[in-house]
Amino acid sequence: MTLLAERTEAGTLRASSSGDKVRLLGWVQRRRDHGGVIFVDLRDRSGIVQVVFNPDMPEEAFVRAERLRTEYVVSVSGSIRKRPEGAENSNIATGEIEVVAETLDILNGAKTPPFYIQDNVDVDESVRLKYRYLDLRRPEMQAVFKTRHQITQIMRNYFDSRGFYEIETPILTKSTPEGARDYLVPSRVHPGEFYALPQSPQIFKQLLMVSGMEKYFQIARCFRDEDLRADRQPEFTQLDVEMSFVEVEDILPLMEEMMARIFAETTGKTVQTPFPRLTFNEAWERYGSDKPDTRFGMELVDVADEVVNSGFKVFTDILAKGGRVKGICAKGCATMPRRELDGLVNFVNTYGAKGLAYIVLAEEGVKSPIAKFFTEEELSSLISRMRGETGDILFFVADKDKVVGDALGHLRLELAKRLNLIQEGTLNFLWVTEFPLLEYDEEEKRYVAIHHPFTSPMDEDLPLLDTDPGKARAKAYDLILNGVELGGGSIRIHRREVQEKMFTLLGLSPEDAISKFGFLLEGFEYGTPPHGGIAFGLDRLVMLVAGRENIRDVIAFPKTQSATCLLTQAPSAVVGKQLKELSIKTHIIAASK
RNA sequence: GGAGCUGUGGUGUAGUGGUUAACAUGCCGGCCUGUCAAGCCGGAGACCGCGGGUUCAAGUCCCGUCAGCUCCGCCA
């Protein structure tokens, strides 16, 4: 029998198997040498068990046990026995028993690791990333990747049982305009030409609908060469789905059930379906966000009609110029120190707000730098509109619509964090629907697609494309969980004349459209079914299921914020021969100061 | 492209401009037969991220730079 064939997992051992002979394979978590008896905590993927080495065992094995050090890889045979009375350890699952060693083989030694292989390790993340293989040995990291595996398995089973095909699409593909910056791969065979890594399988999955695959999914790697954030990596994974002959009402329930299943089978939590829905417009007005966190209130309140006739010129001027004045009511914040208030002013500055007005409803009366601009009646009317009570602070931002929403939306989240308003464990799913189709880009002096250029307008808004394209809404939807955008999708355009109109609006001439998307447009002419789909950020989903705050924690070998890999030192220079084969000469243009 | 925070033995931290840079843990050696963060004794281990500057004197002050993190811009 092979070692592996006779092996028992350490973490599974219980008192019920006392007396059994076992073979353990794993790593030395810790050694406690009492001179006579030696205790070794042996760790494998399943957990930890205490192994006892006694001087009365064969001398050869005991001598080896004295040589053991942290992270040595060992094979131990022995028998399970209940621990002596009083020596049980309730902190570990196997704490009622121990394994009395009979033989010990050191399969491999190990250098002392730079940090403890245990949970909640207090070590700089860059050290963890450099020694990622050790970091991943830690039980909490093992648990994350078990969860990640379970989630993808559930997805595969779910779609398989509903008749979806899992189909792979190219990694080496064509650079297309619109969207994020592409990662490029030089072609050796075609000097001076480049492949692009896919930002998503978008075009291919639509072509698969033209191909008559009808139901497709893929757990697909995507690449975007943009700056990183705590929830953004340059390469990430999407659950990508596309279906033919669908409408919005086919897709959303399908995804709701999948989410419910994922949470039920991984965390045991029940997810209520169907999920609530908000239109984009409502989300923006009430939460200042297209991905509102609905786990707490503190909604934005439009106070334009309360202040429009006041003597406060800052507000009235902005309203006269077509801007907005909105506020939020922070419950119980009246005792917030002045310094913290000033900090919040700086906070909203980040989002373009030039100021943050506030009214403190203190026990001793209203305190506010702006109160003097309002009459007694105006002030009390404003306070009651905001549902302000003694002990609260009212915050106001006046600016362009975009700035007001951004600033107050983020302030709302920041205050919720500081005031601890979010109950742990809550799962608030939310669909945001009826996104605008287009957005006018001041810099490029043209419309750009909010979702992507293949998103279908809502039927009733089709005429708007000719009259007021910025007002047209799309058959697009995003799934939000606890204020995190998990994914989004749309029903696609499948009629050529609509697609052409869309390209025109995006400033693409018919010639441009053909040179950039010709293969797709041509494909669409051969009998394209109505189709639509959705894509989810798998990494973000795993983050939320596993309760992690950082996307790097759910990716086995992630990149740093500057898109490097501390483990492999990628990216790196290559030898001249490689460049020559690619017909590439590098010429580093110094960053301008 | 911009803003902020951090950088001191392997790891985590302390360190009014002034001796030999301190503590914990880990590591090495010794003692020790019921520990589980074992214990006790001893030892090794740092040119304070890097480069300038100010000063009689810099881990400490100034400038620059690099790295990590968080955020803005960016991310259909």
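Naming convention: chains lettered A, B, ... in sequence-line order (proteins, then strands); numbering from 1 in each chain.
Checking rC40(B) for Watson-Crick or G-U wobble geometry (two distances, each under 3.5 Å) identifies rG30(B) as its partner. Pairing partner, rC74(B): none, since no Watson-Crick or wobble contact has both distances short of 3.5 Å. In this structure, rG4(B) forms a base pair with rC69(B), meeting either the Watson-Crick or the G-U wobble geometry with both donor-acceptor distances under 3.5 Å. Base-pair partner of rA22(B): rU13(B) (Watson-Crick or G-U wobble, both distances under 3.5 Å). When Watson-Crick and G-U wobble pairs are counted only if both distances are under 3.5 Å, rU55(B) pairs with no nucleotide at all.
Between rC48(B) and rG29(B), the two C1' atoms lie 29 Å apart (nearest whole Å). Comparing rU60(B) with rG17(B), their C1' atoms sit 7 Å apart, to the nearest whole Å. Comparing rC62(B) with rG68(B), their P atoms sit 24 Å apart, to the nearest whole Å. Rounded to the nearest Å, the gap between the C1' atom of rG45(B) and that of rU65(B) is 29 Å. When the C1' atom is used for both rU11(B) and rG26(B), the distance is 7 Å, rounded to whole Å. Between the P atoms of rG7(B) and rG49(B), the separation comes to 8 Å (whole Å). Between rC61(B) and rG1(B), the distance separating the two P atoms is 29 Å to the nearest Å. Distance noted for atom C1' between rU13(B) and rG39(B): 25 Å (whole Å).
Between T560(A) and rG68(B) there is a side-chain polar atom (N or O) within less than 4.0 angstrom of OP1 or OP2. Residue N550(A) places at least one side-chain N or O under 4.0 Å from the OP1 or OP2 atom of rU70(B). Within the 4.0 Å cut-off from OP1 or OP2 of rA38(B), at least one side-chain nitrogen or oxygen of R30(A) is found. Between R32(A) and rU35(B), a side-chain N or O to OP1/OP2 separation shorter than 4.0 Å is absent. Using a 4.0 Å cut-off, some side-chain N or O of R229(A) falls inside it from OP1 or OP2 of rC72(B). OP1 or OP2 of rU70(B) has not a single side-chain nitrogen or oxygen of T350(A) nearer than 4.0 Å. Within the 4.0 Å cut-off from OP1 or OP2 of rU70(B), at least one side-chain nitrogen or oxygen of R552(A) is found. Note on S562(A): a side-chain N or O is less than 4.0 Å away from OP1 or OP2 of rG68(B).
Side-chain N/O atoms of D227(A) and base N/O atoms of rG73(B) include a donor-acceptor pair closer than 3.5 Å. Judged by distance alone, with hydrogens and angles left aside, R81(A) brings a side-chain donor or acceptor within reach of the base of rG34(B), the pair sitting under 3.5 Å. Contact of R232(A) with rC74(B) (side chain to base): a donor-acceptor pair of N or O atoms is detected under 3.5 Å. Scanning atom types as modelled, one donor and one acceptor separated by under 3.5 angstrom connect the side chain of R83(A) and the base of rC36(B).
Atoms CD1 (I551(A)) and P (rC75(B)) sit 17 Å apart, rounded to a whole Å. One atom, OH of Y131(A), and another, C1' of rG68(B), lie 15 Å apart when rounded to the nearest Å. Between L228(A) atom CG and rA67(B) atom C1' the separation is 15 Å, expressed in whole Å. Atom pair I38(A):CD1 and rC36(B):P shows a separation of 16 Å (rounding to whole Å applied). Remark: P of rC40(B) and CG of D33(A) are 16 Å apart, rounded to the nearest angstrom. The CG atom of L13(A) sits 21 Å away from the P atom of rC36(B) (whole-angstrom rounding). What separates CZ of F39(A) from P of rC32(B) is a distance of 16 Å, to the nearest Å. In this structure, E66(A) atom CD and rG29(B) atom P are separated by 11 Å, rounded to whole Å.
One side chain, D44(A) or S46(A), offers a donor N or O that lies under 3.5 Å from an acceptor on the other. No side-chain donor from either of D293(A) and Y287(A) sits under 3.5 Å from a side-chain acceptor of the other. With 3.5 Å as the limit, one finds no donor-acceptor pair spanning the side chains of Q118(A) and R43(A). A donor and an acceptor atom, one from each side chain of S200(A) and Q238(A), are nowhere located under 3.5 Å apart.
Nearest to the side chain of E226(A), among rA38(B), rC75(B), rC36(B), sits rC75(B). Here the side chain of P114(A) is nearest to one of rG34(B), rC74(B), rG10(B), namely rG10(B). Residue A87(A) places its side chain closer to rU35(B) than to any other of rC32(B), rG73(B), rU35(B). Side-chain proximity of V127(A) to rU70(B), rU11(B), rG68(B): nearest is rU11(B). Checking rG68(B), rG34(B), rU33(B) against every side-chain atom of P55(A), the shortest atom distance belongs to rU33(B).
The CD atom of E71(A) lies 6.5 Å from the CD atom of Q29(A); values are rounded to the nearest 0.5 Å.
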Exercise for review: Evaluate the side-chain hydrogen bond (donor to acceptor under 3.5 Å, both in side chains) criterion for residues S126(A) and D124(A): first the C-alpha distance (whole Å), next the side-chain angles of each, then the deciding distance (0.1 Å), finally the verdict.
Suggested key: CA-CA 5 Å; S126(A) 59; D124(A) 196 87; 2.6 Å; yes

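Using a 4.0 Å heavy-atom criterion, one finds that R67(A) contacts no nucleic acid atom at all. Among the heavy atoms of the strands lying under 4.0 Å from P453(A) is at least one base atom, whether or not backbone atoms are also near. Counting non-hydrogen atoms under 4.0 angstrom, V123(A) reaches the backbone sugars and phosphates but no base. Here E125(A) lies in heavy-atom contact (under 4.0 Å) with sugar-phosphate atoms only. When heavy atoms are screened at a 4.0 angstrom cut-off, Y351(A) is found touching the sugar-phosphate backbone but no base atom. Across all strands shown, D124(A) has heavy atoms under 4.0 Å from sugar-phosphate atoms exclusively, and none from any base. Nucleic acid contact class of E85(A) (heavy atoms, under 4.0 Å, all strands): none.
A stacked arrangement is assigned to H34(A) and the six-membered base ring of rA38(B), with a centre-to-centre distance below 5.5 Å and an interplanar angle below 30°. Aromatic stacking is not marked for F115(A) over rU11(B), as the cut-offs of 5.5 Å for the centres and 30° for the planes do not both hold.
Using a 4.5 Å heavy-atom threshold, the side chains of R31(A) and Y72(A) count as separate.
Counted within 6.0 Å of CD on E96(A), heavy atoms from surrounding residues, nucleotides or ligands total 12 or fewer; the atom is thus considered open.
Closest-nucleotide positions on RNA chain B for A449(A) and Q50(A) were compared, and the one nearer the 5' end corresponds to Q50(A). Nearest-nucleotide mapping onto RNA chain B: of D231(A) and Q202(A), the residue sitting toward the 5' end is D231(A).
Pairs engaging residues 471-488 of chain A under the salt bridge (Lys or Arg N to Asp or Glu O under 4.0 Å) rule: E434(A)-R473(A), D459(A)-K475(A), E460(A)-R473(A), D461(A)-R473(A), D468(A)-K471(A) [sequence neighbours left out].
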Under 3.5 Å, sequence neighbours excluded: what are the donor-acceptor pairs made by side chains of residues 58-68 of chain A?
from   : atom 1 : to      : atom 2 : distance (Å)
E60(A) : OE2    : R64(A)  : NH2    : 3.3
R64(A) : NH1    : L104(A) : O      : 2.4

